[in-house]
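As the structure is a computational prediction, the values presented were derived from the model and not from experiment. All values below were derived from every heavy atom in this structure, side-chain atoms included, with hydrogens, water molecules and symmetry-related copies excluded. Letters go in sequence order (proteins before strands), and every chain restarts at 1.
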2 protein chains.
Amino acid sequence: MVNLKVNYDEYIPLRDIVFKTLREAIITGDLKPGERLMEIKLANELGVSRTPVREAIRKLELEGLVIMTARKGAEVAPINEKDLREVLEIRKVLESLACELACKNVQPENVVVFEEINAKTEEAVKNERIEEITKQDVAFHEAIYSITKNDRLVQMLHNLKEHIFRYRLEYIKDMKNKGTIVEEHKKIIDAIASKNVRAACKEIERHIEVQEKYILNTLIKEAK
Amino acid sequence: MVNLKVNYDEYIPLRDIVFKTLREAIITGDLKPGERLMEIKLANELGVSRTPVREAIRKLELEGLVIMTARKGAEVAPINEKDLREVLEIRKVLESLACELACKNVQPENVVVFEEINAKTEEAVKNERIEEITKQDVAFHEAIYSITKNDRLVQMLHNLKEHIFRYRLEYIKDMKNKGTIVEEHKKIIDAIASKNVRAACKEIERHIEVQEKYILNTLIKEAK
DNA sequence: CGATTGTATATTGTATACAGTATACTATCT
DNA sequence: AGATAGTATACTGTATACAATATACAATCG
């Protein structure tokens, strides 16, 4: 018999496509903070009916990317310093937990992967390829997540990272800090490789704090 | 002029009512793990149309309380040891963060509130009033959250706690551990009152670990 | 001219209708 | 009898229709 498995993952409901599309638009800033999300308009633009749009908005609401006002509708959640601080405060302890779990589960082959990613990051930094730096940075953190064996944690970190992205796109353009990323990642890799939980947590927290500082600088600059 | 503020919070969309109703039903076990959530059936039972039911399900999906299968529908997420461990692992670090922030922000009057709640808990334990113990336990943790000044953290902890509730209802009935709650809370209060971050974190983590142990015991017993 | 009311329009909230797929059951064939 | 195909039914996915409310603008009154 031929292996003709009907791939169930193949079918993606419109609501999920709309959800991802809108989320992407919010994260990239295509939809600006405060901008209203009008169902009919979005439906027309996306070529679907209101139903999938509404369902997508419900999810965005729970993710905190849009704010609902009863009978008025949804608007893109504002970004501000308080929000950023809150998210990073949480992300810091969750990334730290991820590192702790990574220390417990790490295998030699994982370390190889970490180092490969970091080599690519270094390369990207040399060539000043910002897109690539971002991509590899994400890949690095994902690689850590993947060995935590805590699916819910991974999901939550994904979610938080998307929020950060709303800010980070600006920050990453600031090339001043690009050199330190590689070094910071190196320290984290070493700590995890040697299963040094304390050091790993310390380094990842510092790593996030560095980010925080740069992003806040950018925010303040923009406000001026 | 008369103060006739039209309370905007007064109006609650059906989808939110349905959402809360279904969530409650899942948490209390009224809707059992694995049970299918059929839209028409639920709509009829609740006396609404499918639309608000669907939107509520979308939110439950993102909260992880229901699992979607494309074109088949939603079913109540199963509860199992892995899920519980994952949630508690996360909750531990987030509660710990909450305590850390509480240490930073705590005022004398907050401590008074903590102690009042714990006195009520002790009273409830004496009278073996399980409902009341649960209520006061929740109030205690909420009281800590309320001084963290991190709204997103509070929201996430709320969410996690609801998941735990699916398990805890069983565990709290096990009266063996009821005595220790008051002591544990006392230690946490003292640590926060003296702004001893390290001790507060240690105690809250231990507090959650105790819970975890009891819940897991209950789960294993039930599996038999 | 400013304030207020009335009215039209836009938008959300909710219900319903229609289309397509999955599931269960029955009938048929071997 | 067991397997397969056919068919009816149930349910989700999507679109649309209708109702209620918010918003903006014009008309009216003082």
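- Note: CG (N44(B)) to P (dT12(D)) measures 12 Å, nearest angstrom.
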### Task
Summarise protein proximity over nucleotides 13-18 of chain C in one line of letters, 5' to 3': B for base, S for sugar-phosphate only, - for none, counting protein heavy atoms closer than 4.0 Å.
BBBBB-
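- Listed by first and then second residue, the salt bridge (Lys or Arg N to Asp or Glu O under 4.0 Å) pairs that reach into residues 64-77 of chain A come to none, sequence neighbours excluded.
- With sequence neighbours left out, K20(B) forms a side-chain contact (heavy atoms from CB on, under 4.5 Å) with R23(B).
- Ring orientation note: the planes of H207(A) and H185(A) are nearly perpendicular, at an angle over 60° on the 30°/60° scale.
- If you measure from atom CD1 of I57(B) to atom C1' of dT12(D), you get 10 Å, rounded to the nearest angstrom.
- In this structure, CZ of R36(A) is placed 9 Å from C1' of dA10(C), rounded to the nearest angstrom.
- L37(A) places its CG atom 13 Å from the C1' atom of dT12(C), with the value rounded to the nearest Å.
- Partners of S96(B) according to the side chain to side chain donor-acceptor pair (under 3.5 Å) rule, which considers only residues two or more places apart in sequence or in another chain, are E205(B).
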Without placing hydrogens or testing angles, list every side-chain donor-acceptor pair under 3.5 Å for residues 104-113 of chain A, not counting sequence neighbours.
{"from": "N105(A)", "atom 1": "ND2", "to": "L101(A)", "atom 2": "O", "distance (Å)": "3.3"}
{"from": "N105(A)", "atom 1": "ND2", "to": "I147(A)", "atom 2": "O", "distance (Å)": "2.8"}
{"from": "N105(A)", "atom 1": "ND2", "to": "T148(A)", "atom 2": "O", "distance (Å)": "3.4"}
{"from": "N110(A)", "atom 1": "OD1", "to": "Q107(A)", "atom 2": "N", "distance (Å)": "2.7"}

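- Listed by chain and number, the residues in a side chain to side chain donor-acceptor pair (under 3.5 Å) with E209(A) are K92(A) (sequence neighbours excluded).
- Atom CD in E75(A) sits about 17 Å away from atom C1' in dA10(C), given to the nearest Å.
- Listed by chain and residue number, nothing satisfies the salt bridge (Lys or Arg N to Asp or Glu O under 4.0 Å) test with E123(A) (two or more places apart in sequence, or in another chain).
- Remark: DNA chain C forms stems of 3 or more consecutive Watson-Crick or G-U wobble pairs, all pair distances under 3.5 Å, at C:1-30 with D:1-30.
- One atom, CD1 of I40(B), and another, C1' of dT12(D), lie 9 Å apart when rounded to the nearest Å.
- Among residues two or more places apart in sequence or in another chain, the salt bridge (Lys or Arg N to Asp or Glu O under 4.0 Å) test is passed with E212(A) by none.
- One interatomic measurement links the two molecules: CE of M38(A) to P of dA24(D), which rounds to 11 Å at whole-angstrom precision.
- Distance F19(A) CZ to dG13(D) P: 16 Å, rounded to the nearest Å.
- Taking the six-membered ring for Trp, H158(B) and H141(B) have ring centres at least 6.0 Å apart.
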